Undergrad: 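Take a look at this one; I'll ask things after.
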Amino acid sequence: MTRDIIQRTAEPELTADLTLYATADGGRRDALRPGFLLPCMIHQNEPLEAWDCLPLLRDEPLHPGETKRLGFVFMSGEKAARALREAGKFYLWDGRFIGEAVVVD
């Protein structure tokens, strides 16, 4: 199954309010598009422990500075979802920290 199909059909393993940092605050210059896989981390300091996640944007991009409630699917499945749910908050990485998510379910 391709990321494109997963993006549009998968049931979320976790739901969170994701905020992408504004470009002026070190965030991305362009929108996060459907199908974009990226690491997420509980901490912003060493040692960094990351899980690959796919934010379920469906068909709409998320622009820098915006917040949206999204489902997430993890390549490590429930193990990653459980760790991030317990933390209550996690950060998205794309060469630098580009956003943060507060777990709601």
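As the structure is a computational prediction, the values presented were derived from the model and not from experiment.
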Undergrad: Keeping Glu66 on the side-chain end and His63 on the backbone end, is there a donor-acceptor pair under 3.5 Å?
TA: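 Such a contact is found between Glu66 side chain and His63 backbone.
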Undergrad: Show the numbers, then the answer: is there a salt bridge (charged side-chain N to carboxylate O under 4.0 Å, His left out) between Lys79 and Glu13?
TA: CA-CA 10 Å; Lys79 179 180 177 183; Glu13 295 172 315; over 6 Å; no
Undergrad: Please state whether the rings of Phe97 and Trp93 are parallel, tilted or perpendicular, taking 30° and 60° as the class boundaries.
TA: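 It falls in the perpendicular class, over 60°.
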Undergrad: Rounded to the nearest 0.5 Å, how far apart are CH2 of Trp51 and CE of Met75?
TA: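 Answer rounded to 0.5 Å: 14.0 Å.
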Undergrad: Can you name the closest pair of heavy atoms from Ile42 and Ala83 and give their distance?
TA: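 Nearest pair, atom of Ile42 first, then Ala83: CD1-O, 3.7 Å.
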Undergrad: Do Arg69 and Val104 have side-chain heavy atoms sitting under 4.5 Å apart?
TA: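 Counting from C-beta outward, Arg69 and Val104 do come under 4.5 Å.
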Undergrad: State yes or no: are the ring centers of Tyr91 and Tyr21 separated by less than 6.0 Å?
TA: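 They do not qualify: ring centres at least 6.0 Å apart.
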Undergrad: Under a 4.5 Å cut-off applied to non-hydrogen side-chain atoms, are Asp94 and Pro39 in contact?
TA: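 Result no, sub-4.5 Å side-chain heavy-atom pair not found.
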Undergrad: Assess Arg28 against Phe36: is NZ or CZ under 6.0 Å from the centre of the six-membered ring, and within 45 degrees of the ring's axis?
TA: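 Pair Arg28/Phe36 counts as cation-pi.
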Undergrad: Taking C-beta and beyond as the side chain, do Leu32 and Leu57 meet within less than 4.5 Å on heavy atoms?
TA: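 SC-SC contact between Leu32 and Leu57 confirmed.
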Undergrad: How long is the gap from CG on Asp17 to OG1 on Thr19, to the nearest 0.5 Å?
TA: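 The OG1 atom of Thr19 is 7.0 Å from CG of Asp17, to the nearest 0.5 Å.
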Undergrad: Under a 4.5 Å cut-off applied to non-hydrogen side-chain atoms, are Leu14 and Val103 in contact?
TA: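 Yes - at least one pair of side-chain heavy atoms lies under 4.5 Å apart.
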Undergrad: Could you walk me through whether Arg85 and Glu78 pass the side chain to side chain contact (heavy atoms under 4.5 Å, CB included) test, one step at a time?
TA: CA-CA 10 Å; Arg85 195 175 290 112; Glu78 185 56 34; 3.3 Å; yes
Undergrad: Measuring only between side-chain heavy atoms, which start at C-beta, is Glu49 closer than 4.5 Å to Met41?
TA: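 Sidechains of Met41 and Glu49: no contact.
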Undergrad: Considering only heavy atoms from C-beta outward, does the side chain of Phe74 approach that of Leu54 to under 4.5 Å?
TA: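 Not touching, per the 4.5 Å side-chain cut-off.
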Undergrad: Can you find a heavy atom in the side chain of Leu20 that is under 4.5 Å from one in the side chain of Ile98?
TA: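 Yes, side chains in contact.
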Undergrad: For Asp52 and Leu38, what are the C-alpha separation, side-chain angles and deciding distance, and is it a side chain to side chain contact (heavy atoms under 4.5 Å, CB included)?
TA: CA-CA 5 Å; Asp52 286 332; Leu38 66 163; over 6 Å; no
Undergrad: Between Lys68 and Leu62, what is the shortest heavy-atom contact and its length?
TA: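 Smallest heavy-atom distance, with atoms named: CB-CD1, 3.8 Å.
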Undergrad: Under 4.5 Å between any side-chain heavy atoms of Thr15 and Phe72, yes or no?
TA: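 No; the side chains remain at least 4.5 Å from each other.
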Undergrad: Hey, is the main chain of Pro34 close enough, under 3.5 Å, to the side chain of Arg58 for a donor-acceptor pair?
TA: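 Pair absent, no side-chain N/O of Arg58 close to backbone of Pro34.
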